[in-house]
Each structure stands twice: as structure tokens, then as C-alpha cells.
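Only this structure's heavy atoms are used, side chains among them; waters, hydrogens and symmetry mates stay out. Heads up: numbering here begins at 1 and tracks the sequence. What you are looking at is a predicted structure, and each value in this text was computed from that prediction instead of being measured.
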Amino acid sequence: GSNDKTVRLWEIETGRNAKTFQGHDQEIKSVKFHPNGNQIASGSMDFTVRFWELEGQQSFRAFRGHAGFVWWAVLSPDGKEIASASADRTIRLWNSETGESIAILKGHTAPVTAVAYSPDGKLLASCAGDGLVKIWDRSTKTETSTFSEHKGTVTSVAFSADGKSVVSGGTDGTVKVWDLATKKLTRSFDEHRGVVTAVAFHPTDQTKFASAGADKTVRLWSVSKAEPEKSLTGHTASVSAIAFSKDGRWLASCGADKKV
């Protein structure tokens, strides 16, 4: 997704732009695949979430209801639901098949910047400009925990592979790992020089995760070590997003330098 209002599908082996989807009226802030690999959800500054079919003639469904930019949109592990995070300070849950709004989660006092499902789909994690990370029960639609150690906007959040931990990154330049059982901070990492823009847990190893920042780097971490295991360079501007492949062998990144 890009500020040129398009969603683009790329071939990894050749680097070829396989397909371009058009429909959003403003910059696209997030793109996530459906678990079946055949559909994509995107969130945009045009206040909408859109659901794209990879096959066929670029058909899509638009989800409308937010009263602000949609910073994040992600599909549940079963693919039946989309969660979106918005500048209107809410998280909305949508039926991915019908487009129906299922619930509106309220609790943040500033724009919600990201949202994530736990691997089993039972929990949601959200973060926002109020400096908070919140955990929600998907079935009851209620808040169960709040973490407040960040000093500034929390930009990103992700669950570990076993669903027992959450990692978050923020404008305070820190990456923090939280234990959901004890509801306490496990560790804080401050190696990035500037805003942490994205975090992602390894899909099969709950002790490994990655972070990206405005310092143009991607860093690979182990929860048990204070220093990063690797620092990846190559981007010439802020790194916007990162994502592991399903098997954890690959890590993709994109940045303000217009490169993937």
C-alpha cells in the first residue's frame, strides 16, 4: 500500500509488479493478507477499509463507518472478521464476508494506530496516541488489560506465536515486550535512534521478534537479550512496515524510500 492510493502485488522471485488495485481515494496506511492468501484488507486515510480479491477483475468491498483516517486493518486468524484502527479513537470489527459492522471498541483517548489478533483469535491488542497498549476479549468485546510504560504514541503492536506476549513500539524510541499472564513489562529495548515504526513477532518462535524505525534500520531481537541479534541496513529513509513470511525464513520491509 502506498501514498499513491494503490495496493500493489509483487512477485518475490522476479520483483515484478503482478497486479495493481485502485479504489482508495487517499493514502493507504496498511495492507494485510487473508489467511487463505486469496484476499487482502487495506486501510486508508479516506476513512475506509477495503477488501480485495486477488483473482479476477480487481473487485473489492468497501467498509464505511469510521470518522477518521484508518491507520490499520487486519484479518482475524479464521478470516471471518476484520479489525480496523482509526484516528476517530475507535477499533471497529467487521464481518469480512458481508461488510457488516459487528462492534465498536472504545477506550483509547487518542487516535488508534494499530491493532492485532492473537494467534488463536481470542484476543485483540491495540495501541494509540495516548501511549497505551490495550488487550481486548474478542468474544465479550471488553478491555482486559492496559499497559502504560510508553512515553508518547505507541505506533505498533504484535502478538507472540504462543499468544502469551505482546510486543509494542513507539515514538519514544523503545520496543517493549509484555507478559499477558502477569500483566507486567518483560523487557524494554532502546537501540533504535528515533521513532519505532513497526514491530513483528517471529511466526513460529515466540522468543524472536523484529522492529523497524525512522533510523532506516530493521533490527532482529531475542526476548532474553538486551542487544539486537542483527541490525539490517539498506533503506535510505524511514522503514514503514515489516512482515515475516509464514515459515519465518523471510522478513520483508518497506520504507519512505519507495523500496520493498
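- To the nearest 0.5 angstrom, F201 atom CZ is 11.0 Å from S211 atom OG.
- The side chain to side chain contact (heavy atoms under 4.5 Å, CB included) with H66 is formed by just one residue from the set T48, D88, V112; it is D88.
- Across all non-hydrogen atoms, the minimal contact from P203 to S245 is CG-O, 3.3 Å.
- With hydrogens and angles disregarded, no donor-acceptor distance shorter than 3.5 Å links the side chain of S160 to the backbone of V166.
- Residue K230 qualifies as open at atom NZ: its count of foreign heavy atoms under 6.0 Å is 12 or below.
- For the atom pair K183 NZ and F147 CZ, the distance stands at 7.5 Å (nearest 0.5 Å).
- Hydrophobic clustering keeps V167 apart from V133 (ILVMFWY residues linked when any side-chain heavy atoms are closer than 4.5 Å, directly or through intermediates).
- Shown here for K225 and R187, the closest heavy-atom pair between the two residues is N-NH1, 3.8 Å.
- Atom CD1 of residue I82 and atom NE2 of residue H34 lie 8.0 Å apart, to the nearest 0.5 angstrom.
- Across all their heavy atoms, L180 and G163 have their closest contact at CD1-O, 3.5 Å.
- The residue from I91, T144, L123 that alone fulfils the side chain to side chain contact (heavy atoms under 4.5 Å, CB included) condition with W136 is I91.
- Atom CZ of R50 is separated from atom OG of S44 by 7.5 Å, given to the nearest 0.5 angstrom.
- The environment of CZ in R89 is sparse: at most 12 heavy-atom neighbours from other residues, nucleotides or ligands sit within 6.0 Å.
- A distance of 7.5 Å separates OG1 of T197 from CD1 of I242, quoted to the nearest 0.5 Å.
- We find the CZ-CD distance between F51 and E97 to be 8.0 Å, quoted to the nearest 0.5 Å.
- Cluster membership check: L75 does not share its hydrophobic cluster with V115, using side-chain heavy-atom separations under 4.5 Å among Ile, Leu, Val, Met, Phe, Trp and Tyr.
- Listed by first then second residue, pairs satisfying ring pair (Phe, Tyr, Trp, His ring centres under 6.0 Å) with a partner in residues 222-243 number zero, not counting sequence neighbours.
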Applying side chain to side chain contact (heavy atoms under 4.5 Å, CB included) to Q206 and K164, what does each step give before you reach the verdict? CA-CA 8 Å; Q206 60 267 20; K164 295 180 179 180; over 6 Å; no
Determine, stepwise, if the pair S76 / R138 fulfils side chain to side chain contact (heavy atoms under 4.5 Å, CB included). CA-CA 10 Å; S76 60; R138 184 181 171 192; 3.6 Å; yes
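- L220 is not connected to V177 by any chain of hydrophobic side-chain contacts under 4.5 Å among Ile, Leu, Val, Met, Phe, Trp and Tyr, and they are in different clusters.
- Summarising the local packing, NZ of K216 is surrounded by 12 or fewer heavy atoms from other residues, nucleotides or ligands at distances under 6.0 Å.
- Cluster membership check: V175 does not share its hydrophobic cluster with V218, using side-chain heavy-atom separations under 4.5 Å among Ile, Leu, Val, Met, Phe, Trp and Tyr.
- Side-chain N or O atoms of D215 include none that pairs as donor or acceptor with a backbone N or O of H192 at under 3.5 Å.
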Check the pair T171, T155 against side chain to side chain contact (heavy atoms under 4.5 Å, CB included), reporting the backbone distance first and the verdict last. CA-CA 7 Å; T171 58; T155 59; 4.0 Å; yes
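- Here the shortest heavy-atom pairing between S168 and V154 reads CB-CG1, 3.9 Å.
- Closest approach of P119 and A161 over heavy atoms only: CG-O, 3.4 Å.
- R92 is not listed as a side-chain neighbour of V70, based on a closest heavy-atom distance of 4.5 Å or more.
- Taking each heavy atom of D130 and T109 in turn, the nearest pair found is OD2-N, 3.0 Å.
- Checking each of T142, T90, L124 against L105 for a side chain to side chain contact (heavy atoms under 4.5 Å, CB included) leaves exactly one that passes, namely L124.
- Under the 4.5 Å side-chain heavy-atom criterion for Ile, Leu, Val, Met, Phe, Trp and Tyr, L185 and I135 are members of the same hydrophobic cluster.
- Annotation: ring pair (Phe, Tyr, Trp, His ring centres under 6.0 Å) contacts involving residues 72-127, sequence neighbours excluded, comprise F63-W94.
- Under the ring-ring contact (aromatic ring centres under 6.0 Å, His included) test applied with H202, the options F244, F209, F159 reduce to a single match, F244.
- Of the possible polar contacts, one joining the R61 side chain to the S96 backbone as a donor-acceptor pair under 3.5 Å is found.
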Determine whether K141 and L93 satisfy the following criterion, side chain to side chain contact (heavy atoms under 4.5 Å, CB included), listing intermediate values before the conclusion. CA-CA 10 Å; K141 313 296 189 292; L93 305 182; 3.7 Å; yes
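- For T146 and K134, the side-chain atoms include at least one donor-acceptor pair closer than 3.5 Å.
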